[in-house]
Visitor: 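This is the structure, below, for whatever I ask next.
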Amino acid sequence: MTARTGSANTDFQAYRLLEDHEAIREAVREVAEAKIAPFAAEVDEQARYPQEAHDALVETDFFAPHVPEEYGGVGADALATCIVIEEVARVCASSSLIPAVNKLGSLPLILAANEDVKQRYLRPLAEGRTTFSYGLSEREAGSDTASMRCRAVADGDDWVISGQKSWITNAGVSDYYTVLAVTDPDGPRGRNVTAFVVEKSDEGFGFGEKERKLGIKGSPTRELHFDTCRIPGDRIVGEVGEGLKIALRTLDHTRVTIGAQAVGIAQGALDQAVAYVKERKQFGSRIADFQGIQFMLADMAMELEAARQMVYVAAAKSERNEADLPFFGAAAKCYASDVAMKVTTDAVQLLGGAGYTQDFPLERMMRDAKITQIYEGTNQVQRIVMARQLLK
């Protein structure tokens, strides 16, 4: 099979689901149904961290499944990690951000850190002793990451960080943060940023108030504040000046996990809608017997399955670190999130007035789906990424 991106034909092997992948899906679904789903509505209503999900994921080794075995993890491949996130998102999108953001926050270390940094920070994550967050965006540096203003200044063997980061998932819960900061203000744009690990206990490091959000209310989002925060020099991830390159490589991989989250949300919504229309009667018949309803369900399922296939192919490319991952990762995230928004909206429509109430989880799923079109790069930015790959 070939895929044309620009002027080059790129051969790629499609993914293959192994027995291990199916076993993981079955195991995660069992955990999600029994220990996560019962708390999903309460977590959303109270806008509280899903501690029950956190504990269940730690107990079953689905907390940070991507961490390699040499650092105490289970070493799940990219496709298995996507399946974990998908199955958790099927019942609770907020909870699915636990394994997803653990990968986002720690992947820069896996890609670029020295062995000492990896051993020091990946082991506690693999053991479930901390979550790991990612600090890239700022108030005035969202899509335009290279315009960030957070600074890190060398002082002897240490670095002193000043500034802020915005929209940080699980901020305040995580003990560790991968933070990007400008280390050479006069250096070339995009090659003057360095990545560091900041610990929650570091003096001068603090958090803003929790954002009040439309969805994923169980996952706290806060600003990070750095007031001349001093950290030791051995916390650098990669080389000085390589931070933005590492950050963008990270996003190439982790956009796939957002696609998986979107697929999970959409699948949960479709499941709810199918169950409802098979029971609901109007005009003396189940509404599932009406052709108009059947057409809606067929379109929802067709688009959802296409999104799933795109995500799984992108996950396989992530695992193999293939050169066309930037295109496929962006495409999978963009398409799957658009599908999630459409499927959840249609699912609410199929339930009519009931879908608009909190008696059913669909209004929550619809609210949760929206963020997948925005974070880790808006879908407009994903289209820019894809176009650049095509035009190379």
Side-chain angles (χ1 to χ4, degrees), residues 15 17-18 20-25 27-28 31-32 53-54 56-89 95-113 115 117-134 136 169-170 173-178 195 197 219 237-238 246-264 311-322 325 328-329 332-333 336 375-376:
Y15 72 90
L17 284 176
L18 306 176
D20 285 352
H21 291 126
E22 295 297 353
I24 287 170
R25 184 187 302 281
V28 180
V31 172
H54 179 117
L57 292 169
V58 170
E59 181 182 349
T60 53
D61 284 334
F62 297 131
F63 180 74
H66 69 286
V67 177
E69 292 180 359
E70 57 264 39
Y71 307 110
V74 297
D77 63 25
L79 180 51
T81 301
C82 280
I83 289 171
V84 170
I85 293 165
E86 175 189 340
E87 287 299 323
V88 177
S95 298
S96 71
L97 281 166
I98 296 172
V101 175
N102 279 339
K103 180 169 182 176
L104 174 63
S106 64
L107 192 61
L109 280 66
I110 294 172
L111 292 175
E115 196 62 25
V117 170
K118 288 179 180 179
Q119 289 287 354
R120 198 183 335 159
Y121 291 108
L122 293 178
R123 283 193 173 276
L125 176 63
E127 294 167 4
R129 292 191 278 125
T130 181
T131 56
F132 217 125
S133 291
Y134 184 71
L136 176 62
T169 305
N170 290 347
V173 174
S174 297
D175 287 321
Y176 302 148
Y177 299 79
T178 298
V197 176
S219 177
V237 177
I246 295 167
L248 297 179
R249 279 185 64 203
T250 296
L251 292 175
D252 286 339
H253 291 273
T254 58
R255 281 171 179 149
V256 184
T257 65
I258 300 305
Q261 182 190 43
V263 166
V311 169
Y312 287 6
V313 168
K317 289 180 172 293
S318 171
E319 185 66 24
R320 298 190 294 262
N321 202 27
E322 293 186 359
L325 173 62
F328 278 87
K333 186 269 188 193
Y375 58 15
E376 292 206 31

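Nothing fancy with the numbering, it's 1 onward along the sequence. All values reported here derive from a predicted model rather than from experimental measurement.
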Visitor: Kindly compute the distance separating OH (Tyr71) from CD1 (Ile110), expressed to the nearest 0.5 Å.
Guide: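 Between atom OH of Tyr71 and atom CD1 of Ile110 there are 8.5 Å.
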Visitor: Distance check, rounded to the nearest 0.5 Å: His253 atom NE2 versus Lys317 atom NZ?
Guide: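 Nearest 0.5 Å value for the NE2-NZ distance: 12.5 Å.
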Visitor: So Thr250 and Leu136, side-chain contact (heavy atoms from CB on, under 4.5 Å) or not? Walk me through it.
Guide: CA-CA 11 Å; Thr250 296; Leu136 176 62; over 6 Å; no
Visitor: Could you tell me which non-hydrogen atom of Phe132 sits nearest to which non-hydrogen atom of Ser174, and how far apart they are?
Guide: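 Closest pair (atom of Phe132, atom of Ser174, distance): N-OG, 3.6 Å.
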Visitor: Kindly compute the distance separating CD1 (Ile24) from CZ (Phe62), expressed to the nearest 0.5 Å.
Guide: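 Those atoms lie 6.5 Å apart.
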Visitor: Between Ser95 (side chain only) and Ala53 (backbone N and O only), is there a donor and an acceptor less than 3.5 Å apart?
Guide: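 No, the answer is negative, given that no donor and acceptor are paired below the 3.5 Å cut-off.
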Visitor: Does some side-chain heavy atom of Tyr176 sit less than 4.5 Å from a side-chain heavy atom of Ser106?
Guide: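 No, every pair of side-chain atoms sits at 4.5 Å or beyond.
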Visitor: Answer whether the closest heavy-atom distance between the side chains of Leu17 and Ile83 falls below 4.5 Å.
Guide: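 SC-SC contact between Leu17 and Ile83 confirmed.
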Visitor: Which distance, rounded to the nearest 0.5 Å, do you find between the OG1 of Thr178 and the OH of Tyr121?
Guide: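 One gets 10.0 Å once the value is rounded to the nearest 0.5 Å.
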Visitor: Could you pull out the closest heavy-atom pair between Ser219 and Asn170, with the gap in Å?
Guide: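 Shortest heavy-atom separation between Ser219 and Asn170 comes out as OG-OD1, 2.9 Å.
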Visitor: So which atom in Leu57 and which in Pro99 form the shortest heavy-atom distance, rounded to 0.1 Å?
Guide: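 Leu57 and Pro99 have their closest heavy atoms at CD1-CD, 3.9 Å.
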Visitor: Got a donor-acceptor contact below 3.5 angstrom from the Lys333 side chain to the Thr254 backbone?
Guide: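 Not a single qualifying donor-acceptor pair exists.
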Visitor: Considering non-hydrogen atoms only, spot the tightest contact between Val88 and Ser96 and give its length.
Guide: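 Nearest heavy atoms, Val88 then Ser96: CG1-N, 3.4 Å.
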Visitor: side-chain contact (heavy atoms from CB on, under 4.5 Å) for Phe63 and Leu125? Distances and angles first, verdict last.
Guide: CA-CA 8 Å; Phe63 180 74; Leu125 176 63; 4.1 Å; yes
Visitor: Determine whether a donor-acceptor pair (N or O, by modelled atom type, separation under 3.5 Å) exists between the side chain of Arg255 and the backbone of Ala332.
Guide: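 It does not hold such a pair.
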Visitor: Closest approach of Cys82 and Ala315, non-hydrogen atoms and distance?
Guide: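 Looking at all heavy atoms of both residues, the closest pair is SG-CB, 4.0 Å.
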Visitor: Are Glu86 and Arg25 within salt-bridge range, i.e. N to O under 4.0 Å?
Guide: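 Salt bridge present between Glu86 and Arg25.
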Visitor: Decide yes or no for Tyr177 and Ser133: does some side-chain heavy atom of the first lie under 4.5 Å from some side-chain heavy atom of the second?
Guide: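 Result yes, sub-4.5 Å side-chain heavy-atom pair found.
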Visitor: Could you state the interatomic distance from CD (Glu376) to OG1 (Thr257), rounded to the nearest 0.5 Å?
Guide: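 So the CD of Glu376 and the OG1 of Thr257 are separated by 5.5 Å.
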Visitor: Less than 4.5 Å apart, any side-chain heavy atom of Asp252 and any of Leu248?
Guide: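 Of all side-chain heavy-atom pairs linking Leu248 with Asp252, none is under 4.5 Å.
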Visitor: Could you pull out the closest heavy-atom pair between Val237 and Val197, with the gap in Å?
Guide: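 Shortest heavy-atom separation between Val237 and Val197 comes out as CG2-CG2, 3.7 Å.
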Visitor: Has Arg123 got a side-chain atom pairing as donor or acceptor with Lys118's backbone, closer than 3.5 angstrom?
Guide: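 No.
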Visitor: Working to the nearest 0.5 angstrom, can you tell me the gap between Leu97 CG and Lys103 NZ?
Guide: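 If we round to the nearest 0.5 Å, Leu97:CG and Lys103:NZ are 14.5 Å apart.
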Visitor: Given side chains that start at C-beta, do those of Asp77 and His21 come closer than 4.5 Å, heavy atoms only?
Guide: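 Yes, close enough: below the 4.5 Å cut-off.
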Visitor: Using only heavy-atom distances, determine whether the side chains of His66 and Asn102 contain a donor-acceptor pair under 3.5 Å.
Guide: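 Checked: His66/Asn102 side chains show no N/O donor-acceptor pair below 3.5 Å.
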